[in-house]
Each structure stands twice: as structure tokens, then as C-alpha cells.
Q: 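One structure coming up, written as C-alpha cells, with questions to follow.
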Amino acid sequence: MKDLKDLLPVEAVRLDVRAADWRAAIAVAGRLMVETGVTTEEYTREMVANVEENGPYIVIAPGVAFAHSRPSPAVLTTGMSWVRLAEPVEFGHESNDPVTLVVALAAQDSAAHTSAMAALARLLGDPATAAALATAPTPEALHAVLAGERAESGPEAPEAPEPPASAGPLATAGPSASAESSATAPSSAAPEPSSFPESSPEPSAAEPRAASLHKILTVCGNGVGTSLFLKNTLEQVLDRWGWSRFVTVEATDTISAKGKASEAVALFTSREIARTLGDVGRPVKVVQDFTSTAEVDSVLRDTYDV
């Protein structure tokens with residue numbers, strides 16, 4: 001499994017690029033992947049079409065767009081590009097516009113880049129690292145930050161909320177379907193497991209993750225990009241809560257999510273994808289900033305009413 005520095009070479013980084021609009025910004029990111037042998041030019045058109053069809057859900061955080069499309073014959077190998085814009089451009093996102101950074105991904109499947117997405121989610125979610133990436137003077141300096149050479153000083157991350165005192169989901173009131181943070185009103189309540197241990201040993205390597213009793217789906221248009229960002233951020237929160245043994249997280253696309261919704265206690269996604277999903281019989285929770293553990297913490301608390 002490739003890590004971030006392998007998928008994003010220095011040659012695929014461009015800084016302070018001028019783009020007339022969001023299509024031009026994606027075109028620059030796509031051209032870098034063509035030049036580094038990752039895709040054909042058709043994939044750039046597919047990334048633009050993804051936004052045209054599904055809306056600006058790829059703007060995953062304030063100022064950050066994650067351009068991508070489904071795996072296709074236009075993807076020659078899994079890889080990425082990074083474009084920092086000289087002037088921000090509007091993508092049409094309600095809360096995260098304007099965009100100053102476009103990160104593009106081309107994936108042959110949903111597995112090869114999982115660890116890289118986890119690393120990128122952590123980097124963009126850390127204020128000091130994000131500041132270093134925004135001010136890196138050269139592609140080489142930016143690549144060094146991505147490789148783990150963090151700035152010595154910078155803004156500190158806000159203090160994380162205290163995790164719930166409960167031992168797991170069943171120690172709470174159960175999944176909440178409050179309309180305030182659900183994009184759609186569920187037609188049926190989330191399933192209640194028959195039992196939940198007040199405490200249990202950490203699962204060994206031989207114990208399957210599928211034994212966990214709750215599942216949350218993170219959903220995007222294609223299941224290989226923004227949903228993985230949100231999955232990684234949610235897993236960070238679950239780890240901090242000590243709930244990882246009780247709740248699994250699966251990244252998926254909109255079509256698959258409709259078929260899998262009955263298996264989940266909730267679906268986490270963007271506002272644009274929530275509209276596409278409609279009523280799936282489970283709470284659909286909207287997250288605006290996919291890199292913010294504080295926001296995901298709040299949405300998870302609302303889901304379980306803690």
C-alpha cells in the first residue's frame with residue numbers, strides 16, 4: 001500500500017497557480033497527473049463532470065477541494081496532484097468556498113490509497129501543518145511537510161472535547177434521529193443491538209472487525225475520495241472516545257449506500273450528497289468540514305445523543 005509521498009511526487013506539485021474558475025483549477029490538477037503518467041486527459045474531463053453531476057461536494061473543508069472521479073480506463077496508475085492557487089476561486093459550496101487548494105486523486109481501486117488518505121486527512125486537520133502547507137515557498141518544501149517534516153511552530157489545534165464517559169453506544173440513549181442535524185428524516189429508527197458489554201478487552205488481531213455491533217457509512221459520489229477523508233476523521237474521533245471496538249466505519253458511494261443503509265445506524269456525508277441520497281431509512285448526518293475532528297465529534301454526539 002503506497003503512502004502519501006509515493007502517490008504525490010514533487011513533480012505533481014504546483015504553487016501559486018492562476019485559474020479563471022473551478023474548471024480551470026481542476027484542469028491544472030488533471031494536467032499534472034497526465035504529465036506524471038497517472039492518467040490520460042479523459043480523466044480530467046471525468047473530474048469536471050463529477051462536479052457538474054454531483055455538485056461541489058468535493059470542497060471538503062474551508063478552502064480545500066479534493067478533485068476526483070470513479071476508477072476508469074483513464075486511470076493508468078493510482079496517483080495524486082497538488083495545486084495551490086494564487087487567487088481563490090468559487091466552486092459553489094455553501095460554506096467552504098472560496099477554494100485556494102485543489103488536491104486531485106486518480107485511483108485504480110478503493111484500497112491502494114487508503115493509508116495516504118488517512119495521512120492527508122491528519123495533515124490538513126492539523127493547524128500547524130496546514131499553515132506550513134499554505135506558506136511553503138517551493139514544491140520541495142511542501143513535499144517535505146507532506147513527508148512529515150512539520151513546522152516547529154504554528155497555530156495550536158483547539159482543545160478536543162472530552163469523550164463521553166459511557167463505555168460504548170449502548171451505554172447511551174442510542175442513536176438519535178434528530179431532524180436538526182439529519183439531512184433527511186428517517187423512515188425507521190436505527191437498529192438497537194441486543195446487548196453491549198459495559199467493558200470488553202481490546203480485540204486481538206485474530207478477531208474480525210465485523211464483530212463490531214454498529215456501523216456508520218461515510219458517503220461520497222464515488223466512494224474512493226471524500227468519503228475516505230470523512231471515514232478517517234470519524235475513526236480518529238472514535239479512537240479518542242474508546243468506541244472503535246464498537247463501531248465500524250465504511251466509506252462508500254451514493255448508489256451502494258442506498259443498498260447498505262439498513263446495515264448502518266447513520267450515514268455521514270456532505271449536504272450535496274445528502275440531497276442525492278434522499279430518504280434511506282436511516283439518519284443522514286451532514287458534515288461541512290471533513291477534516292475537522294471537532295465538527296465530527298459534535299455530529300457523532302448528536303447521533304448517539306451524548
Side-chain angles (χ1 to χ4, degrees), residues 7-8 12 14 17-34 38-75 78-108 110 113 117 120-121 124 183 218-231 233 251-258 267-278 284 286-291:
L7 294 179
L8 184 61
R14 290 290 184 277
V17 173
R18 295 193 177 278
D21 55 25
W22 68 264
R23 288 180 177 84
I26 290 179
V28 174
R31 185 164 60 250
L32 287 172
M33 292 196 291
V34 172
V38 171
T39 68
T40 68
E41 292 181 357
E42 177 60 27
Y43 188 74
T44 301
R45 290 188 283 271
E46 292 172 1
M47 289 193 294
V48 171
N50 182 39
V51 179
E52 292 173 338
E53 294 169 9
N54 296 304
Y57 79 93
I58 67 166
V59 185
I60 60 171
V64 180
F66 190 66
H68 64 289
S69 188
R70 294 181 182 276
S72 78
V75 179
T78 298
M80 300 173 66
S81 65
W82 184 288
V83 177
R84 195 176 72 196
L85 300 173
E87 299 290 340
V89 299
E90 300 281 339
F91 274 65
H93 195 280
E94 293 180 10
S95 59
N96 291 337
D97 267 349
V99 168
T100 55
L101 171 64
V102 179
V103 181
L105 166 73
Q108 289 185 306
S110 60
H113 59 294
M117 292 300 95
L120 187 55
L124 292 177
T218 58
V219 188
C220 73
N222 303 295
V224 297
T226 58
S227 59
L228 283 173
F229 258 89
L230 185 52
K231 175 180 185 288
T233 304
T252 189
D253 62 276
T254 50
I255 296 174
S256 300
K258 293 178 180 180
L267 293 77
F268 286 21
T269 189
S270 66
R271 191 173 304 280
E272 293 81 8
I273 296 299
R275 292 173 183 145
T276 299
L277 287 171
V284 178
V286 169
V287 179
Q288 299 284 9
D289 184 348
F290 282 19
T291 68

Q: Got a second to check how far T44's OG1 is from L32's CG, nearest 0.5 Å?
A: 9.5 Å
Q: Using the test side-chain hydrogen bond (donor to acceptor under 3.5 Å, both in side chains), find all partners of D97 that sit at least two apart in sequence or belong to another chain.
A: none
Q: Only pairs at least two apart or in different chains count here, so list each salt bridge (charged side-chain N to carboxylate O under 4.0 Å, His left out) that has a residue in residues 65-74.
A: none
Q: Does the side chain of F290 reach to within under 4.5 Å of the side chain of K231, using non-hydrogen atoms?
A: no
Q: Give the minimum heavy-atom separation between A67 and I26, together with the two atoms involved.
A: CB-CG1, 4.2 Å
Q: Short question: side chain of T39, backbone of A74 - any donor-acceptor pair under 3.5 Å?
A: no
Q: What's the spacing between C220 SG and H68 NE2 if we round to 0.5 Å?
A: 4.5 Å
Q: Do you know the tightest heavy-atom contact between A106 and V38?
A: CB-CG1, 3.7 Å
Q: What pairs meet the side chain to side chain donor-acceptor pair (under 3.5 Å) rule with one or both residues in residues 17-29, with sequence neighbours excluded?
A: R23-E52
Q: By side-chain contact (heavy atoms from CB on, under 4.5 Å), which residues pair with T269, not counting sequence neighbours?
A: V219, I273, A274, L277, V284
Q: If the condition is side-chain contact (heavy atoms from CB on, under 4.5 Å), which residues does T100 pass it with, not counting sequence neighbours?
A: P88
Q: Taking only residues two or more places apart in sequence or in another chain, which ones pass side-chain contact (heavy atoms from CB on, under 4.5 Å) with S256?
A: T252, D253, K260
Q: For L7 and T78, run side chain to side chain contact (heavy atoms under 4.5 Å, CB included): C-alpha distance rounded to whole Å, both residues' side-chain angles, the deciding distance at 0.1 Å, then the answer.
A: CA-CA 7 Å; L7 294 179; T78 298; 3.9 Å; yes
Q: Which pair of heavy atoms, one from A29 and one from V102, lies closest together, and at what distance?
A: CB-CG1, 4.1 Å
Q: Could you tell me which residues satisfy ring-ring contact (aromatic ring centres under 6.0 Å, His included) with F229, sequence neighbours excluded, listed by chain and number?
A: F66
Q: Are H93 and R271 close enough that some pair of their side-chain heavy atoms sits under 4.5 Å apart?
A: no
Q: Any donor-acceptor pair under 3.5 Å linking the side chain of Y43 with the backbone of S69?
A: yes
Q: Which pair of non-hydrogen atoms, one from P71 and one from Q108, has the smallest distance, and what is that distance?
A: CB-O, 3.6 Å
Q: How many angstroms lie between CG in L230 and CG in L267, if you round to the nearest 0.5 Å?
A: 10.5 Å
Q: Please enumerate all residues that pass salt bridge (charged side-chain N to carboxylate O under 4.0 Å, His left out) together with R14, with sequence neighbours excluded.
A: E35
Q: Quick one: side-chain hydrogen bond (donor to acceptor under 3.5 Å, both in side chains) partners of N50, sequence neighbours excluded?
A: N54, Y57, N222
Q: Looking at side-chain heavy atoms only, is the closest gap between P98 and E90 below 4.5 Å?
A: yes
Q: Which heavy atom of M47 sits nearest a heavy atom of A104, and at what distance?
A: SD-CB, 4.2 Å
Q: With sequence neighbours left out, what residues match E41 under side-chain hydrogen bond (donor to acceptor under 3.5 Å, both in side chains)?
A: none
Q: Kindly indicate whether the side chain of V287, heavy atoms from C-beta on, has any atom under 4.5 Å from the side chain of T218.
A: no
Q: Nearest 0.5 Å, please: how far is CZ in R275 from OG in S270?
A: 9.0 Å
Q: Can you check whether L120 reaches W82 side chain to side chain, under 4.5 Å on heavy atoms?
A: yes
Q: So which heavy atom on A251 is nearest to which on L228, and how close?
A: CB-CD2, 3.8 Å
Q: List the residues meeting side-chain contact (heavy atoms from CB on, under 4.5 Å) with A61, not counting sequence neighbours, and say none if there are none.
A: V64, D289, T291
Q: Taking salt bridge (charged side-chain N to carboxylate O under 4.0 Å, His left out) as the test, write out the residues that go with R84, two or more places apart.
A: D16
